[in-house]
Number of protein chains: 2
Amino acid sequence: METTSDQHWDVYLKNCPCRDVLDLLANKWTALMLGALRRRPHRFGELRRAVEGISQKMLTQNLRALERDGLITRTVYPTTPPTVEYALTDLGTDVSRHLVALSTWSQANFSRIREARETFDSRVVEPVS
Amino acid sequence: METTSDQHWDVYLKNCPCRDVLDLLANKWTALMLGALRRRPHRFGELRRAVEGISQKMLTQNLRALERDGLITRTVYPTTPPTVEYALTDLGTDVSRHLVALSTWSQANFSRIREARETFDSRVVEPVS
DNA sequence: CCGGATCCCGATTGATACTG
DNA sequence: CAGTATCAATCGGGATCCGG
């Protein structure tokens, strides 16, 4: 019994609605945010500090989008000052595996990448004689 | 013996240079381009058609960046009209696994995502009565 | 004070030519 | 065919303002 996908979507097609999902996921901030939330739930400010350099605008915007798509939950505790906690859903936990893999890969292979860059740059910027 | 990473990089740090790599990888177009190249090498125009909706500008720009980082190769055959073939390197093949996983996940879980969106939207846009 | 919305501006992106 | 150049539109970052 098919409880999940009842149709085949193709991200390579221009108008396939599932491309919006890829667009949300294949995003630097999403990768870092879900990676942080994977370790434990975070409050807004905690997340802001965990993902160094993200603006609160992007943080808010991505949190909304991720909540809307059912990847994270947003829980408000009516305290003063307000406490808002974000946590991964099961669906969010599932994708986060792949995003963490990307982050980890970037870290692990940065040395190689940097070498490639140096080689490329030295071959390109010096076309003289 | 450590032949690869000699230092630990952290994508969560604002100024860590490896974040640039994550930024290149965690990108909709990169995911689709490397996914297409994973199947087989493509010429410029082929890739343009394979990744529906990408502009030549973004295609060129991303191809250059990926070549610079050693993830793909660019081979020019001196024919008329010009033939330029792009192909994954070993490094590129390695990352592409994770990117393909993201694309596949987006396709496979789109139904669930869409349901989540409908639930979210109906809860939010109708705060009346 | 925390979480978040808004506005303004510079940086990216996309669509559309144009070239070797 | 495989790009480059140009310009309009959109997006991201920073500062500011607001409600609890």
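Each chain gets a letter, A, B and so on, in the order the sequences are listed, and its residues count up from 1. Side chains included, hydrogens not; waters and symmetry mates left out as well; all remaining heavy atoms used.
Residue Y77(A) places no side-chain N or O under 4.0 Å from the OP1 or OP2 atom of dG20(D). Under 4.0 angstrom from either OP1 or OP2 of dG4(C) there lies at least one side-chain N or O belonging to R74(A). Considering only side-chain N and O atoms, R48(B) lies nowhere under 4.0 angstrom from the phosphate OP1 or OP2 of dG3(D). A sub-4.0 Å separation between OP1 or OP2 of dG13(D) and a side-chain N or O of W29(A) is present.
Between the P atom of dT13(C) and the CG atom of D23(A) lies a distance of 12 Å, rounded to the nearest Å. Rounding to whole angstrom units, CE of residue M58(A) and C1' of dG14(D) are separated by 12 Å. To the nearest angstrom, P of dT12(C) lies 17 Å from CD1 of I54(B). With rounding to whole Å, F44(A) atom CZ is found 16 Å from dG20(D) atom C1'. With rounding to whole Å, I72(B) atom CD1 is found 13 Å from dA2(D) atom P. Rounded to whole Å, the distance from NZ on K28(B) to C1' on dT12(C) is 13 Å. Between the CG atom of N27(B) and the P atom of dG14(C) there is a distance of 9 Å, given to the nearest Å. H42(A) places its NE2 atom 19 Å from the C1' atom of dG4(C), with the value rounded to the nearest Å.
Of the two residues near DNA chain C, K57(B) and G45(A), the one whose nearest nucleotide lies more 5' is G45(A). Between T83(A) and K14(A), the residue anchored closer to the 5' end of DNA chain C is T83(A), taking for each the nucleotide with the nearest heavy atom.
Side-chain atoms of R64(A) lie closest to dA5(C) of the nucleotides dA5(C), dG13(D), dG3(C). Nearest to the side chain of Q56(A), among dC1(D), dA5(C), dA15(C), sits dA5(C). Distances were taken from every side-chain heavy atom of V84(A) (C-beta onward) to each of dC8(C), dG4(C), dA2(D); the shortest belongs to dG4(C). Of the candidates dT13(C), dG13(D), dG3(C), dG3(C) carries the atom nearest the R43(A) side chain, counting heavy atoms from C-beta on. Residue T60(A) places its side chain closer to dG4(C) than to any other of dG13(D), dG4(C), dT6(D). Taking the side chain of P82(B) as heavy atoms from C-beta on, and the options dG3(D), dC7(D), dA2(D), the nearest nucleotide is dA2(D). Nearest nucleotide to the side chain of P81(A), out of dG14(D), dC2(C), dC7(D): dC2(C).
Using cut-offs of 30° and 60° on the angle between ring planes, the pair W9(A) and F110(B) is perpendicular.
Screening N62(B), L32(B), L37(B), I54(B) against L47(B) for a side-chain contact (heavy atoms from CB on, under 4.5 Å) leaves a single residue, L37(B).
Ion pairing of R40(A) with E46(A) is present here, as a side-chain N (NZ or NE/NH1/NH2) and a carboxylate O approach within less than 4.0 Å.
Formation of a donor-acceptor pair under 3.5 Å by the T93(B) side chain with backbone atoms of T89(B) is found in this model.
The base of dT4(D) has none of its N or O atoms less than 3.5 Å from a complementary donor or acceptor on the side chain of Q61(B).
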